[in-house]
Amino acid sequence: MSTQELKNLIHESVENIDDKSFLDAINSLLQRKYQSATQPVLSDHLLKRIKESKEQIQQGRSFSNTEADKLVDEWLTKN
């Protein structure tokens, strides 16, 4: 199906929907596509974890991607 055919199908489908909450959900999805990126809202827990992670990196308590891959491989082969 071409992009234009898909647009036509979606337009036609939306024209036949009378459920306001469903239309609000569709509108929300469409608005996200065309709004500029905004700063995500993070929970206090996630902010705390990010702060802890930054501190660990500054203290040299981190792994390279290669080291992390090796650890994951070890964990997966132990089971």
Side-chain angles (χ1 to χ4, degrees):
M1 178 179 298
S2 73
T3 301
Q4 190 57 51
E5 289 171 326
L6 187 54
K7 286 179 179 182
N8 291 340
L9 177 64
I10 291 169
H11 178 78
E12 197 174 303
S13 296
V14 168
E15 285 295 320
N16 292 310
I17 296 172
D18 292 324
D19 182 340
K20 184 174 181 330
S21 63
F22 190 75
L23 291 170
D24 285 338
I26 292 171
N27 186 51
S28 178
L29 288 170
L30 293 172
Q31 292 302 313
R32 288 184 198 157
K33 176 69 177 168
Y34 297 105
Q35 287 181 350
S36 61
T38 58
Q39 184 71 21
V41 178
L42 302 175
S43 69
D44 289 339
H45 172 74
L46 287 176
L47 291 171
K48 180 181 175 191
R49 296 282 295 151
I50 290 169
K51 180 181 176 188
E52 290 170 354
S53 296
K54 286 181 177 181
E55 289 170 358
Q56 289 173 344
I57 291 168
Q58 289 174 348
Q59 296 168 1
R61 295 173 31 216
S62 61
F63 298 100
S64 68
N65 283 344
T66 303
E67 292 169 324
D69 288 343
K70 286 180 185 177
L71 282 172
V72 170
D73 288 341
E74 288 174 17
W75 295 336
L76 293 174
T77 58
K78 285 184 180 180
N79 292 330

Could you pull out every donor-acceptor pair under 3.5 Å between side chains of residues 6-14 and any protein atom, sequence neighbours left out?
| residue | atom | partner | partner atom | Å |
| --- | --- | --- | --- | --- |
| Asn8 | OD1 | Gln4 | NE2 | 3.1 |
| Asn8 | ND2 | Gln4 | O | 3.4 |
| Ser13 | OG | Leu9 | O | 2.9 |

Distance col, row Gln58:CD vs Ser53:OG, nearest 0.5 angstrom, shows 11.0 Å
In this structure, NE2 of His45 is separated from NZ of Lys48 (nearest 0.5 Å) by 8.0 Å
Side chain to side chain donor-acceptor pair (under 3.5 Å) filter on Thr66, not counting sequence neighbours, yields none
Asp18 meets the side chain to side chain donor-acceptor pair (under 3.5 Å) criterion, sequence neighbours left out, with none
- Message: Applying salt bridge (Lys or Arg N to Asp or Glu O under 4.0 Å) to Lys20 and Asp24, what does each step give before you reach the verdict?
- Response: CA-CA 6 Å; Lys20 184 174 181 330; Asp24 285 338; 3.0 Å; yes
Checklist line | Under-4.0 Å salt bridge between Glu52 and Arg49 | finding: yes
Same cluster or not: are [X] and [Y] linked, directly or through other Ile, Leu, Val, Met, Phe, Trp or Tyr residues, by side-chain heavy atoms under 4.5 angstrom apart?
X	Y	answer
Ile57	Leu46	no
Leu71	Leu76	yes
Leu29	Ile17	no

All heavy atoms of Leu42 vs all of Ile50, minimum pair found to be CD1-CD1, 3.7 Å
If you count heavy atoms of other groups shown closer than 6.0 angstrom to CG of Asp73, is the number above 12? yes
Q.
Can you tell me if Asp19 has over 12 outside heavy atoms packed within less than 6.0 Å of its CG?
A. yes
